[in-house]
Amino acid sequence: MSDLPPPPPPQPGPPAAADRFAEPERSAAGHTDPTTPSDLDPTDIDASGLDAEPLDDRERKLDPRMVIVWRVFGGLSLLFPLTALSVAGYLLVSPAPWAVPATAAIVWIIGVTWYPGARYRAWHWRLTDIALELRYGVLVHRHEAVPYFRVQQIDISQGPFDRLLGLATLQVTTASASGSAGLPGIPAADAPQIRMQLLARAAVAVREQPDEVRDAV
Amino acid sequence: MVLGFAEPRRLHPASVVLGIPLSQVIQSLIFPLFAGFAAGGIVTLWILAIVGVFSLVFRVLDWQRRHFSFDGEVLRVDSGVLSRSHRSLDVDRIQQVEIQRGPVQRLFGLAAIRVETAGSASEPEVDLRVLPEADAVALRAAVRVSKARATGRPSEDGELDDAGEPVGRQVLEVPAKHVAIASVTGARLLVLPAIIGASLQFVGQQAGRFTSWIEEQIGRIDPSTLSDGVFEGPDWWLIAASAVFVAVLVMAFAIGVGLVRDGRFRIERFEDDLHVSRGLLTTRESVVPLRRVQLVVIQRNWLRRLLGYASVQIRSAGGSAGGDGRVTVPLLPGTDIDRLLREILPGVEGVPTLTSHPRMALRRALFRWLRPASYLIAALWLAPGVFDVLDNTIVARLAWASLALLPLNAVLAIVEYRHLAHALTDIAVVSRRGALSISTTFAPVVKIQAVTARANLFQRRLGLASVVVHIAGPGAVVAIMDAAADDATELHRRLTEHAAAPSPAAAAVLGSSSGSREPEPA
């Protein structure tokens, strides 16, 4: 089902990391933004996050059912522009009116058959010591790194089709408008836990920095 | 001289008139004016009078209801006639406090205060217009003192002038000559002929006659007579003279606009803040906290490169785009750049040695520049009927002329390739790119939020990759284009490390005291 590792043997006593959240010590600057990791309610984290399995830093893949999602939505979203293009091409191109619709059909078939699988094979994510790293892209390879220290907010979103399959997307937002990462294809049951783990790592990373750096937006 | 801001106070009564934002005036006048023109004559006056009376009553009520206070921690503004708003602004969130004085405001000793925060997108978070100048200065000073206290750094308020204001150290002054050169070498010059052309229509009959004469002259140029060689056409010297006249007019206008906007451009340093003041009629004074500087962009278009000048853009967090989140030094000699960089980015010694990109990047640059040109050429040459009429139509001439784009764009591609370069030091990441206008972008590594490396099919085949460094704020990125793939991987790794845990050296840009501090034990 999921790619998550099996839970490690239960640790005796509270995990060391939990102690860091025992006292919600505020920075001297006094953050007012409730989404800042350093302001997380410690009880909130203890409740569901840290007692559960910590995620190691091996490379993970998405849920295989993501292929179905991409196949359906890719097919649907390509349908309209390709149809419009085909009609225009059929009417306008004079020597070989069938060339454009035929090409469009081939593109659509590739987009539905091969592309979703290739996209799935290209997708990898891992939690390193310092950052959430995503590698994906079939034609354009992308390698994104979002350091935990810079995480401002994590959203879990589920479209209707996602809900049907029990999948979710994690949206990790930083202070940069363009530097936010979306991690799709997470089993909905695991998403809250991954989110808590990320937030916990973010809180630790923020705590380890001196004040000046901490709010250096 | 500390005035009490703890008690809620009103703005200066003159704000009934002077406090109206210009955009609001235009908005409130557009509809009545159009309605009036449609109805004609006396009705316009009536409508204007009614609108005027209503606005005045509204403004007086607005002034009565608008209160502000600052208790050392929170800036509060209560306002609104029909719907009330109570705004509280924590002093930590304040990024910039700008004092603005228009010509009328200066006449009466008044000023406006604009407060910007990290979140504010296009409009200032708080806009207090207008209040007595002394109050504005005192309020700004109070905010500064509280901010220094809140960030835990003692303000070194050693030097004070007679009025009790701290004395700054001059960092940069742009002489009027440089502002004038900036006006005639900048991209804004290209927009001006259109403005002047439009305004000429209103200048009067004389100008009207002049333009119609030009139109007549141009009308006499018949393409068919050009090739015949029996052209008796217009007086060429007259056309040349009028072209020179227009050019001089445009330049004079540009210089005028530039001087009004950026005249007396001055940057001073107060503790860890840069104070930038500029403008001849409307004086604008903004504060850029050094620790909030996100990007520094050195821009040199080809004309300025020839003359040895550059302009420098300083962007701070969350400033309004095109507004005062960006401060642009209009022009400074190339030799002064390193000195200015040392002031803005403490720890940066100047433009570091840049690594240029592998030769394969030239192929990509050529491809990028030739592709759009080839589309145009293909469209012109393949357009139906070109070959039939290749001798004497405008399309045919354009088709031939378009071929000249190929060598031109190839040269631009080579120029772009030669300037592609990057560097990563302990303190800043630097990227240089551009063909017509070369820009060198500096971002302090402490400000890096996320890093993306990307390589498309062609880049992978050529062994290249691009790295995009995301800085806080909308559109703030440093893009390193077409670096060697190995370099890109290494850059990605190092940049991510910098973003995850800034080194004490990198944190030096955040202020005088932060560099020495050890991380708290976890």
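Lettering of chains follows the sequences in order, A, B, ..., and the numbering in each one begins at 1.
- Put simply, the side chain of His492(B) reaches to within 4.5 Å of the side chain of His143(A), judged on heavy atoms.
- Applying the 6.0 Å contact sphere to CD of Glu73(B) captures no more than 12 heavy atoms from other residues, nucleotides or ligands.
- Only the backbone of Ile448(B) comes within contact range of chain A, with at least one heavy atom under 4.5 Å from a heavy atom of that chain.
- Contacts of Gln459(B) with chain A are absent, with no heavy-atom separation under 4.5 Å from either backbone or side chain.
- When atom types are taken as modelled, the side chain of Ser176(A) and the backbone of Ala472(B) share no donor-acceptor pair closer than 3.5 angstrom.
- Thr496(B) places a side-chain heavy atom less than 4.5 Å from the side chain of Ile130(A).
- Other residues, nucleotides and ligands place no more than 12 heavy atoms under 6.0 Å from the CZ atom of Arg363(B).
- We find the CZ-CD distance between Phe149(A) and Gln449(B) to be 8.5 Å, quoted to the nearest 0.5 Å.
- Side-chain atoms of Arg150(A) come within 3.5 Å of backbone N or O of Ala499(B) as a donor-acceptor pair.
- Heavy-atom distances place both the backbone and the side chain of Ala145(A) under 4.5 Å from chain B.
- Both the backbone and the side chain of Leu457(B) come within less than 4.5 Å of a heavy atom in chain A.
- Summarising the geometry of Arg460(B) relative to His141(A), their closest heavy-atom pair is NH1-CD2, 3.0 Å, with the distance given to 0.1 Å.
- At most 12 heavy atoms of other shown residues, nucleotides or ligands fall within 6.0 angstrom of atom CZ in Arg461(B).
- Residues Glu144(A) and Val451(B) are not in side-chain contact: their nearest non-hydrogen atoms beyond the backbone lie 4.5 Å or more apart.
- The choice from Thr174(A), Leu139(A), Asp129(A), Leu134(A) that makes the most heavy-atom pairs within less than 4.5 Å of chain B is Leu139(A).
- The two atoms that bring Ala450(B) and Gly179(A) nearest to each other are CB-O, 3.4 Å, heavy atoms only.
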